[in-house]
Amino acid sequence: MRNPGLRMLSAMNHVAPRSAIGRVVRYNGGPVAFAKKLGLAHQQACLWVKQGYAPPEHYLSMEDILPSTVSLRDLLLDLRRYRRARRTA
């Protein structure tokens with residue numbers, strides 16, 4: 001039986017590099033490790049990466065695990081990019 005964590009990590013290789021949440025999840029060892037640090041299900045982390053943004057109510061809990069190259073502002077820009085794309089679609 002395949003390890004579901006391996007499938008999640010392989011999905012991470014297809015993340016658009018401009019997504020701040022994708023960079024945060026990758027920096028923290030993938031969706032499973034990232035979700036454990038935040039006390040979430042790994043499926044939630046995968047969904048955020050797939051969508052390209054994380055909900056703002058989780059930003060403060062992520063503050064301590066952000067890489068030095070990603071700020072809370074970058075996470076907000078992900079959300080703004082997502083909302084603009086939805087409006088134009």
Side-chain angles (χ1 to χ4, degrees):
M1 183 172 180
R2 282 188 66 179
N3 182 343
L6 292 177
R7 202 174 12 196
M8 296 301 164
L9 286 176
S10 67
M12 290 299 300
N13 293 330
H14 304 292
V15 175
R18 72 180 193 167
S19 165
I21 189 61
R23 293 193 315 265
V24 172
V25 170
R26 182 175 290 150
Y27 174 80
N28 283 283
V32 175
F34 171 77
K36 280 184 182 179
K37 290 178 182 180
L38 292 182
L40 302 169
H42 72 275
Q43 293 93 340
Q44 190 67 43
C46 290
L47 177 64
W48 294 353
V49 172
K50 183 178 178 182
Q51 292 176 155
Y53 77 95
E57 57 267 20
H58 294 281
Y59 291 176
L60 291 179
S61 62
M62 283 189 259
E63 192 171 24
D64 294 334
I65 60 172
L66 293 177
S68 60
T69 58
V70 177
S71 67
L72 293 177
R73 184 175 186 276
D74 295 327
L75 294 171
L76 277 171
L77 290 174
D78 277 353
L79 179 60
R80 188 177 285 171
R81 220 178 275 120
Y82 172 80
R83 287 182 176 165
R84 277 191 199 145
R86 280 192 59 195
R87 272 186 265 169
T88 60

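What you see below is based on every heavy atom in this structure, not just the backbone, and it leaves out hydrogens, waters and symmetry mates.
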Where is the tightest heavy-atom contact between [X] and [Y], given as atom of each residue plus distance?
X	Y	value
Pro67	Val24	CD-CG2, 4.0 Å
Tyr53	Leu79	CD1-CD1, 3.4 Å
Pro31	His42	O-CB, 4.0 Å

- Does Leu47 share a hydrophobic cluster with Tyr82, counting links as ILVMFWY side-chain heavy atoms below 4.5 Å and allowing steps through other members? no
Working to the nearest 0.5 angstrom, can you tell me the gap between [X] [atom1] and [Y] [atom2]?
X	Y	atom1	atom2	result
Leu40	Phe34	CG	CZ	7.0 Å
Leu77	Leu72	CG	CG	11.0 Å
Lys36	Asn28	NZ	CG	13.5 Å
Ser19	Gln51	OG	CD	10.5 Å

- Task: Specify whether Trp48 and His58 have parallel, tilted or perpendicular ring planes, treating 30° as the upper limit for parallel and 60° as the lower limit for perpendicular.
- Result: tilted
- Message: For Ile65, is there any backbone N or O sitting under 3.5 Å from a side-chain donor or acceptor partner on Tyr27?
- Response: no
- Note on the structure: In Arg80, Met62, Arg23, the residue satisfying side-chain contact (heavy atoms from CB on, under 4.5 Å) with Leu75 is Met62
- Task: State, yes or no, whether a side-chain contact exists between Val49 and Arg26 at a heavy-atom distance under 4.5 Å.
- Result: no
- Output every pair passing side-chain hydrogen bond (donor to acceptor under 3.5 Å, both in side chains) with a member in residues 62-75, not counting sequence neighbours, ordered by first then second residue. Ser71-Asp74
